Amino acid sequence: MRLLDREQLIEILQAQPVFELIGRVADEQGVECYVVGGFVRDLFLERPSKDIDVVCVGSGIELAKGVAKSLGRGARVSVFKNFGTAQVKKGPVELEFVGARRESYSHDSRKPIVEDGTLEDDQQRRDFTINAMAICLNAARFGELVDPFDGVWDMQDRLIATPLDPDVTFSDDPLRMMRCIRFATQLNFEIEPETFEALERNRERIKIISGERIIDELQKIMSSDSPARGFELLFQCGLLELIFPELYALHGVETMNGRAHKDNFWHTLEVLTNVVKKGGDIWLRWAALLHDIGKPKSKRWDPQLGWTFHNHNYIGEKMVPQIFRRLKLPMDERMKYVQKLVSLHMRPIVIADEEVTDSAVRRLLFEAGDDIDNLMLLCEADITSKNEVRKQRFLDNFRLVREKLVDLEERDRIRNFQPPVSGEEIMERFHLQPCREVGVLKTAVKDAILDGVIPNEHEAALQFVIDKAHKMGLC
Ligand code: ATP
Ligand code: MG
């Protein structure tokens with residue numbers, strides 16, 4: 001972060017003429033007015049900031065209307081009367097206006113009773129000290145920082161802390177608990193110890209928050225540079241168990257006859273971190289987070305084999321849509337993609353563990369299609385073994401799988417496989433109506449190609465169908 005004195009703040013604000021304009025309109029209306037919250041924080045932290053929040057001691061709606069008028073053509077104002085807020089847009093500039101307010105909460109809702117208040121009242125109702133700083137825009141005090149809770153110090157110390165008693169702040173609006181962990185993750189800040197203890201004490205209050213609000217914060221954690229840290233914090237304060245029980249269930253180690261399995265929660269976070277390091281986007285990160293989600297349900301003790309997790313990928317595949325639906329994640333091709341990767345994540349490992357045959361690689365390519373590269377990336381990220389010899393053997397075999405993938409794709413074009421003999425052609429040639437035999441023949445051709453019995457070409461495939469149809473007594 002950088003320390004900024006008033007001169008420097010004035011210079012920064014003057015670079016965007018809209019701030020002086022807001023101050024002039026506020027002076028005309030006779031109200032105090034400040035830029036506040038995330039925008040101020042991000043000035044000090046040198047982060048880009050999208051939205052500009054303005055608070056005035058008076059009517060935010062009147063100030064917004066006045067500002068829109070001064071901005072002239074192309075400025076549009078939207079008023080949200082129920083909330084006492086207004087938005088002004090002109091080109092890329094987006095301003096939110098609100099009158100300073102005092103809030104009081106009832107126990108069962110995060111919707112407060114709102115009254116007009118002072119600037120200090122308004123700063124107190126904000127979630128964290130670093131989000132409660134204001135800079136005055138009125139001409140006489142332009143650029144003056146108002147920081148009653150020492151947000152600047154907390155930014156220097158890299159701390160997330162609440163302006164008031166954290167039990168009150170979190171209990172009033174439990175969404176702030178998610179925001180607390182989200183900011184700690186995004187900014188790579190520590191959570192001040194008392195604030196963290198209040199997270200633990202108030203965690204049950206998260207139950208009054210809607211799934212949509214929770215997933216918004218989870219997605220921000222997921223998109224950050226170190227999402228694993230966010231999940232670690234959620235785990236440590238007890239929120240994870242409440243909002244994401246399937247992920248929490250991965251935690252723990254059981255021992256039988258002196259044999260323990262690995263802790264799948266910490267393993268999953270390691271895989272997530274590996275995927276982030278390799279540049280994985282948000283949906284590949286979700287696939288990493290969920291790749292072993294079926295393990296708790298599939299865990300068995302086998303006296304010969306030890307701990308097994310047979311079919312955990314298929315159980316996981318079934319759990320993905322349930323989890324997406326509950327967390328209010330999109331139920332579209334993005335869910336299907338995550339589901340596919342969870343389902344297939346063991347395949348390259350199994351291939352690499354045995355002999356890397358053409359046929360196995362062709363089948364993998366057929367099922368993964370265009371997602372093959374991301375699947376391979378996930379599988380490499382999944383190798384977290386501390387046994388260097390074992391790890392190296394897998395990575396070497398993966399290199400072999402990758403080489404074969406390139407080689408076979410060039411030769412057989414399996415990635416976007418289209419059967420070289422269509423169902424229509426089969427029906428026409430053997431005078432068949434749509435029936436089971438057509439399906440049998442099509443599958444037989446596909447298998448023959450994937451097993452390398454015939455090349456992926458029309459003539460060879462047709463000859464194969466004719467031979468097979470003979471054997472089936474179709475001609
Ligand atoms: P970002 O835009 O990067 O998510 P931000 O701090 O700007 O971060 P917003 O949600 O845009 O967050 O909110 C703007 C400001 O409003 C915050 O800085 C904070 O002062 C206040 N705020 C937002 N949500 C809450 C809340 N749930 N409780 C208290 N104050 C809040
Ligand atoms: Mg914001």
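Being a predicted model, the structure only gives us computed values, none of them experimental. When a ligand or atom number is given, it counts from 1 through the structure's own listing order.
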Residue, atom name and distance, where the atom is the protein heavy atom closest to atom 11 (O) of ligand 1: Asp51 OD2, 3.4 Å
For atom 28 (N) of ligand 1, the protein heavy atom that lies nearest, with its residue and separation: Arg176 NE, 2.7 Å
Within the 4.0 Å heavy-atom cut-off, what Val36 brings close to ligand 1 is neither
Only residue of Asp150, Asp154, Asp147 satisfying side-chain hydrogen bond (donor to acceptor under 3.5 Å, both in side chains) with Thr129 is Asp154
Can you list the atoms of ligand 1 that are under 4.0 Å from a heavy atom of Lys220? 4 (O)
Looking only at side-chain N and O atoms, does Arg141 offer a donor or acceptor that is under 3.5 Å from a partner on Tyr34? yes
Crowding at CD, Glu46 (>12 non-hydrogen neighbours, <6.0 Å): yes
Protein heavy-atom partner closest to atom 23 (C) of ligand 1 - residue, atom, separation in Å: Arg179 NH2, 3.2 Å
Record the part of Phe183 in heavy-atom contact with ligand 1 below 4.0 Å; permitted values are side chain, backbone, both and neither. side chain
Asn274 side chain to Glu270 side chain, donor-acceptor N/O pair below 3.5 angstrom: no
Could you tell me whether the side chain of Arg176 and the main chain of Thr169 form a donor-acceptor pair under 3.5 Å? yes
More than 12 heavy atoms of other residues, nucleotides or ligands under 6.0 Å from CG of Asn188: yes or no? yes
Using a heavy-atom cut-off of under 4.0 Å, does the side chain or the backbone of Asn131 touch ligand 1, or both, or neither? both
Region of Asp42 engaging ligand 1 - heavy atom pairs below 4.0 Å: neither
Using a strict cut-off of 4.0 Å, indicate which atoms of ligand 1 neighbour a heavy atom of Lys50. 2 (O)
Check this for me: Phe83, atom CZ, are more than 12 non-hydrogen atoms of other residues, nucleotides or ligands nearer than 6.0 Å? no
Atom indices of ligand 1 within 4.0 angstrom of Asp53 heavy atoms, with elements: 14 (C)
Of all the non-hydrogen atoms in the protein, which one sits nearest to atom 21 (C) of ligand 1, and at what distance? Arg126 NH1, 3.4 Å
For the residue pair Lys299 and His261, confirm or rule out a side-chain donor-acceptor distance under 3.5 Å. yes
Below 4.0 Å, non-hydrogen atoms only: which portion of Arg125 touches ligand 1? Side chain, backbone, both or neither. backbone
Got the closest protein heavy atom to atom 30 (N) of ligand 1, with its distance? Asp127 N, 3.2 Å
Which residue and non-hydrogen atom of the protein lie closest to atom 27 (N) of ligand 1, and at what distance in Å? Asp173 OD2, 2.9 Å
State, without any angle test, whether Asn313 and His291 hold a side-chain donor-acceptor pair at a distance under 3.5 Å. no
With heavy atoms and a 4.0 Å threshold, my read on which part of Arg182 contacts ligand 1 is side chain
Heavy atoms of other groups near Trp153 CH2, more than 12 under 6.0 Å: no
Identify, for atom 5 (P) of ligand 1, the protein heavy atom at the shortest distance, and state residue, atom and that distance. Arg41 NH1, 3.8 Å
Working to the nearest 0.5 angstrom, can you tell me the gap between Ile323 CD1 and Trp286 CH2? 8.5 Å
Identify, for atom 18 (O) of ligand 1, the protein heavy atom at the shortest distance, and state residue, atom and that distance. Gly38 N, 3.0 Å
